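Note that the structure is a prediction, hence the values are computed from the model and not measured. Order of appearance sets the numbers: ligands from 1, and atoms from 1 within every ligand.
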Amino acid sequence: MTVEFCGIELAHPIINASGTFDAIAARRAFGEELIERFPFAAFVSKTVTLEPRQGNPPPRLWELAGGLINSIGLPNKGLRGYLEHDLPELATLPVPLIVNVMGSSRDQVAELVSAFAAREEVAALELNVSCPNVETGLLMGADPAEITALLDRVRPLTAKPLIVKLTPNATDVPAVAVAAEHSGADAVSLVNTVRGMALDPRTGQPWLGGVTGGVSGPAVRAIALALLRAVAQAVEIPIVGMGGVGRGADALDLMRAGATLVAVGTESFRDPAAGLRVSAELLELLANSAV
Ligand SMILES: Cc1cc2nc3c(=O)[nH]c(=O)nc-3n(C[C@H](O)[C@H](O)[C@H](O)COP(=O)(O)O)c2cc1C
């Protein structure tokens with residue numbers, strides 16, 4: 001089931017979705033068994049920002065019938081902390097490392113891309129553009145012109161594959177994908193979470209500390225599938241599909257719609273070995289569908 005993605009050879013098409021599998025914590029919990037049977041063909045880090053972030057005030061999660069709403073707010077150690085503490089440990093994983101970065105200005109993203117361009121431990125970069133550009137007030141990933149300007153700035157800074165992670169909270173997601181492709185992105189990934197909200201039944205006020213949050217899990221699967229198909233019809237570059245994948249059949253659906261790789265996110269909270277299970281189920285489905 002080996003697959004080639006942007007010049008990187010992977011053992012199978014299943015990777016993790018950023019922020020949903022902490023490989024360092026998992027290694028502490030499961031020991032070397034995790035390394036011997038690593039659940040994913042590549043490891044995608046949670047979002048790294050230039051400065052450390054505390055994340056959003058609690059509560060940070062609301063469980064839905066079909067998934068989660070999270071308002072975690074991207075807590076992380078910042079670039080320096082990541083380079084010092086996380087990167088050396090993540091570099092020992094038995095799979096290629098994809099680092100996910102986010103900035104609130106083009107200069108910040110450029111600084112992050114430059115820093116990782118110099119690190120041979122990093123196979124590729126994923127740009128999380130679900131963030132407003134403080135200079136323009138526009139959500140970077142919601143506007144094709146913003147994406148063009150961002151890639152014009154950062155594309156020359158690295159030869160490593162650049163994956164633009166698309167937000168579903170945009171009017172015309174395929175137009176954003178086309179802008180990314182035309183400006184030199186090597187791949188796109190989709191979907192990031194869908195904006196949602198829950199009210200505290202006792203008070204009628206927003207439950208989440210961040211007021212709104214991102215919906216993920218089975219609830220977004222149909223949205224992801226429709227957007228993936230629309231993006232696949234608009235671009236030639238490879239696509240990483242994600243959104244509500246919990247079984248091999250869900251991964252196969254996204255591949256049939258045009259994904260080269262599929263990421264497992266929320267499902268890993270229920271089942272830390274979900275990546276292994278989904279890839280085994282997918283292999284079986286692919287073998288049967290070839291007959
Ligand atoms: C708790 C949680 C944390 C997440 N953190 C990040 C993150 O740090 N960076 C990012 O680009 N996406 C993040 N995501 C979005 C996921 O990578 C993924 O795009 C989304 O959850 C849809 O996939 P799923 O339905 O399989 O979870 C997060 C999602 C969840 C549920």
Side-chain angles (χ1 to χ4, degrees), residues 14-23 25 39-40 42-49 52-56 58-78 82 86 98-103 109 112 124-131 139-141 162-170 173 187-196 198 208-210 212-225 227-228 231 239-248 250-251 253-254 259 261-272 274-275 277-278:
I14 304 300
I15 65 173
N16 66 299
S18 174
T20 61
F21 188 86
D22 183 337
F40 304 106
F43 179 72
V44 184
S45 77
K46 66 185 171 192
T47 293
V48 183
T49 54
R53 280 169 68 110
Q54 295 291 327
N56 287 334
R60 289 173 161 185
L61 286 177
W62 175 269
E63 189 170 351
L64 297 169
L68 290 176
I69 313 179
N70 90 79
S71 128
I72 309 278
L74 308 174
N76 75 98
K77 298 175 183 138
Y82 185 87
D86 291 0
I98 300 173
V99 176
N100 175 304
V101 298
M102 189 190 81
V109 182
L112 288 155
L125 288 164
E126 182 173 57
L127 305 180
N128 177 358
V129 292
S130 297
C131 171
L139 193 67
M140 289 194 194
L162 283 178
I163 307 160
V164 174
K165 183 164 182 179
L166 301 171
T167 170
N169 304 317
V173 180
V188 289
S189 54
L190 71 149
V191 291
N192 210 323
T193 52
V194 180
R195 191 179 308 111
L208 295 166
T212 61
V215 181
S216 66
V220 306
R221 194 187 299 137
I223 298 168
L225 190 60
L227 284 175
L228 197 126
V231 167
I239 303 173
V240 184
M242 69 193 97
V245 172
R247 302 168 307 156
D250 305 329
D253 280 354
L254 288 173
L261 301 182
V262 171
V264 174
T266 301
E267 182 69 8
S268 291
F269 291 111
R270 267 186 352 109
D271 171 11
R277 180 173 51 73
V278 170

* Structure fact -> Tightest non-hydrogen contact, residues Pro168 and Val194, listed as CG-CG2, 3.7 Å
* About how many Å separate CE of Met242 and CG of Leu166, when rounded to the nearest 0.5 Å? -> 9.0 Å
* Any side-chain heavy-atom pair of Val173 and Thr167 under 4.5 Å -> no
* Structure fact -> Taking only non-hydrogen atoms of Thr20 and a 4.0 Å limit, the atoms of ligand 1 in range are 29 (C), 30 (C)
* Asked: Is there any N or O on Gly217 that sits under 3.5 Å from an N or O of ligand 1?
  -> yes
* To the nearest 0.5 Å, tell me how far Leu68 CG sits from Thr266 OG1. => 5.0 Å
* To do: Provide, to 0.1 Å, the distance between atom 3 (C) of ligand 1 and the closest protein heavy atom, together with that atom's residue and name.
  => Gly19 O, 3.4 Å
* To do: Could you tell me the residue and atom name of the protein heavy atom closest to atom 21 (O) of ligand 1, and the distance to it rounded to 0.1 Å?
  => Ser216 CB, 3.3 Å
* Asked: Can you check whether Pro75 reaches Arg60 side chain to side chain, under 4.5 Å on heavy atoms?
  -> yes
* **Protein residue, atom and distance nearest to atom 27 (O) of ligand 1, heavy-atom basis** => Thr266 OG1, 2.6 Å
* **Polar atom proximity, Val191 to ligand 1 (N or O, under 3.5 Å)** => yes
* Measure the shortest side-chain to side-chain distance between Val215 and Ile223 over non-hydrogen atoms and say whether it is less than 4.5 angstrom. => no
* Are a donor atom and an acceptor atom from the side chains of Ser189 and Glu126 found within less than 3.5 Å of each other? -> yes
* Asked: Any N/O of Thr47 closer than 3.5 Å to an N/O of ligand 1?
  -> yes
* To do: Verify the distance criterion only: is there a donor paired with an acceptor across the side chains of Ser45 and Asn100 at less than 3.5 Å?
  => no
* To which protein heavy atom is atom 12 (N) of ligand 1 closest, and what is the distance rounded to 0.1 Å? -> Lys165 NZ, 3.0 Å
* Could you check atom 26 (O) of ligand 1 against the protein and tell me its nearest heavy-atom contact, residue, atom and distance included? => Gly265 N, 3.1 Å
* Asked: Does any non-hydrogen side-chain atom of Val264 lie less than 4.5 Å from one of Phe40?
  -> yes
* What's the shortest distance from atom 1 (C) of ligand 1 to any protein heavy atom, and which residue and atom give it? -> Phe269 CZ, 3.7 Å
* To do: Using distance alone, determine whether Asn70 and ligand 1 share an N or O pair under 3.5 Å.
  => no
* **Winner among Gly246, Gly244, Pro168 once heavy atoms are compared against atom 25 (O) of ligand 1** => Gly244
* **Option set Ser18, Gly243, Gly67, criterion heavy-atom distance to atom 23 (O) of ligand 1, minimum** => Gly243
* So, is Glu126 polar-close to ligand 1, with some N/O to N/O distance under 3.5 Å? -> no
* Asked: Among Ile72, Val194, Val262, Asn192, which residue places a heavy atom closest to atom 15 (C) of ligand 1?
  -> Asn192
* Asked: Looking only at N/O atoms, are Met242 and ligand 1 under 3.5 Å apart anywhere?
  -> no
* Thr193 N/O under 3.5 Å from ligand 1 N/O -> no
* Asked: Of the non-hydrogen atoms in Ala17 and Gly265, which two are nearest, and what is the gap between them?
  -> CB-CA, 3.7 Å
